[in-house]
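Letters A, B, ... mirror the listed sequences (proteins, then strands); counts begin at 1.
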There are 2 protein chains.
Amino acid sequence: MSDLLERLRERGWRMTSQRRVVAEVLNGDHVHLTADEVHARAAQRLPEISRATVYNALGELVSLGEVTEVSTDGRAKRYDPNAHHPHQHLVCSHCGTIRDVHPTGNPLADLPSEERFGFSVSEVEVTYRGLCPSCA
Amino acid sequence: MSDLLERLRERGWRMTSQRRVVAEVLNGDHVHLTADEVHARAAQRLPEISRATVYNALGELVSLGEVTEVSTDGRAKRYDPNAHHPHQHLVCSHCGTIRDVHPTGNPLADLPSEERFGFSVSEVEVTYRGLCPSCA
DNA sequence: ATCCTACGATGGACAGAATCCAAGTCAAGA
DNA sequence: TCTTGACTTGGATTCTGTCCATCGTAGGAT
C-alpha cells in the first residue's frame with residue numbers, strides 16, 4: 001500500500017507532473033474520492049490541471065489494478081486506493097460516504113455450482129448499505 | 001410475482017395508459033432493462049410516451065418495492081422486476097449480461113459489529129463477476 | 001352518464017458525470 | 001540536444017437523469 005509512485009515508476013508508467021500529483025492525492029488519506037474531488041485536490045498543487053487529464057490518469061490506474069472504481073448508486077464513481085488489501089464496502093444510503101470493511105466468511109463459496117450457469121466466476125463484491133451515525 | 005398490474009391496482013396506484021404500458025414492459029421478460037430501454041419498449045405501444053413519465057413511473061415502482069434498481073457499473077441503472085424473490089446478481093464482466101442467482105448463507109451475519117462503525121446496516125448486495133459461457 | 005379536480009403526463013430546459021477530439025506540449029531515450 | 005510518440009488541454013459532446021410550467025385525464029362525486 002505504501003509507495004504508489006514507486007510502483008508506478010517501476011512498471012514503466014510515464015511520469016508527468018500531472019500524473020504525479022494525481023497519484024500523490026490518491027496515496028494520501030484512504031478516503032474514497034470522486035474524480036472531481038481528486039481534480040480539486042490535484043489543482044491545489046497544479047492549478048492548471050485539466051479534468052480530462054484526471055479522468056485519463058484515474059482510468060489508467062484502474063486498468064493497472066492500482067486503484068479500484070467504486071460506483072455507488074447513480075452518483076459519481078469513487079476511487080479506492082486500497083486495491084492491494086481485499087475488502088468490501090459499507091455505504092451510507094443518505095450521504096454516500098464509504099467505509100472499507102472486512103467481513104468474515106467467503107461469499108464465493110456461497111454460490112453453488114448449479115447457480116453459476118456456466119460462468120467462470122472470478123470475483124465477488126459485497127456492498128453493505130445503511131445509515132451512517134451522522135445521517136441516522 | 002405474476003401479476004404486477006393486479007397488485008398495483010389493489011394498492012391504489014392510479015392507472016393511466018402510460019403507467020400500464022410501463023408495468024407491462026416490466027412484467028414481461030425477466031431481463032434487466034435500463035430506463036431508456038423501458039422507454040423504447042413502451043414507445044412501441046404508446047408512441048408519444050415521454051421519458052420523464054417513464055422515469056417517474058420507474059421511480060414509483062421502486063418506492064413501492066415492486067421493482068429493484070440495479071446499478072452494475074456506473075452506466076445506466078437497470079430495473080429488476082423480480083423484487084419479490086430476494087436474490088443476488090451474476091454479471092458477465094465482458095458483455096454485461098446479468099443473471100439472478102440465489103447464494104446460500106447470510107452475508108449480513110458476516111459483518112461483525114466492530115466492523116459496522118455505528119452504521120445501522122439494513123441491506124447487503126452481493127455481485128458475482130466472471131465470464132459467461134459465450135464470452136469465455 | 002356527466003362533471004370536477006387533483007394527480008399524472010408532457011417535452012424542453014437543465015444539470016452532473018464522463019468521454020471525445022484536434023491542437024499544443026513534453027518525458028525520456030538516442 | 002534532438003526527436004518523437006505519448007500526454008495534456010479545454011471546449012464540445014454524449015449520456016443519464018431531474019425539474020418545471022402547462023396541459024390532460026382517471027376515477028370519484030353527483
Select one nucleotide: of D/dG27, C/dT10, D/dG10, the one nearest the side-chain heavy atoms of A/A52. D/dG10

Nearest-Å distance for atom pair CG/P, residues B/L58 and C/dG8: 15 Å

Salt-bridged, B/E69 to B/R78, with N to O below 4.0 Å? no

Atom-pair distance (OH on B/Y79; P on D/dT16), nearest Å: 12 Å

May I ask you to verify if any side-chain N or O of A/Q18 is less than 4.0 angstrom from the OP1 or OP2 atom of C/dT25? no

Tell me which nucleotide among C/dG11, D/dC7, C/dA6 gets nearest to the side chain of A/T16. D/dC7

I want to verify a distance call: between D/dT8, C/dA9, C/dG11, whose nearest atom is closest to the B/E48 side chain? C/dG11

Would A/H89 and A/D80 satisfy side chain to side chain donor-acceptor pair (under 3.5 Å), going step by step from the backbone distance to the final call? CA-CA 10 Å; A/H89 291 117; A/D80 182 348; 2.9 Å; yes

Distance in angstrom units between A/L33 CG and C/dA18 P, rounded: 13 Å

Name the closest nucleotide to the A/R19 side chain, picking from C/dA17, D/dC7, D/dA26. D/dC7

Checking all strands, does A/R51 fall into the base, sugar-phosphate, or nothing category for heavy-atom contacts under 4.0 angstrom? nothing

OP1 or OP2 of D/dT8 less than 4.0 angstrom from a side-chain nitrogen or oxygen of A/S50, does that happen here? no

Run the salt-bridge test on B/E66 and B/R11 with the 4.0 Å N-O cut-off and return the result as yes or no. yes

Side chain of B/N56: nearest nucleotide among C/dA27, C/dA17, C/dT10? C/dT10

Measure from the side-chain heavy atoms of A/Y55 and tell me the nearest of D/dG10, C/dA17, C/dG8. C/dA17

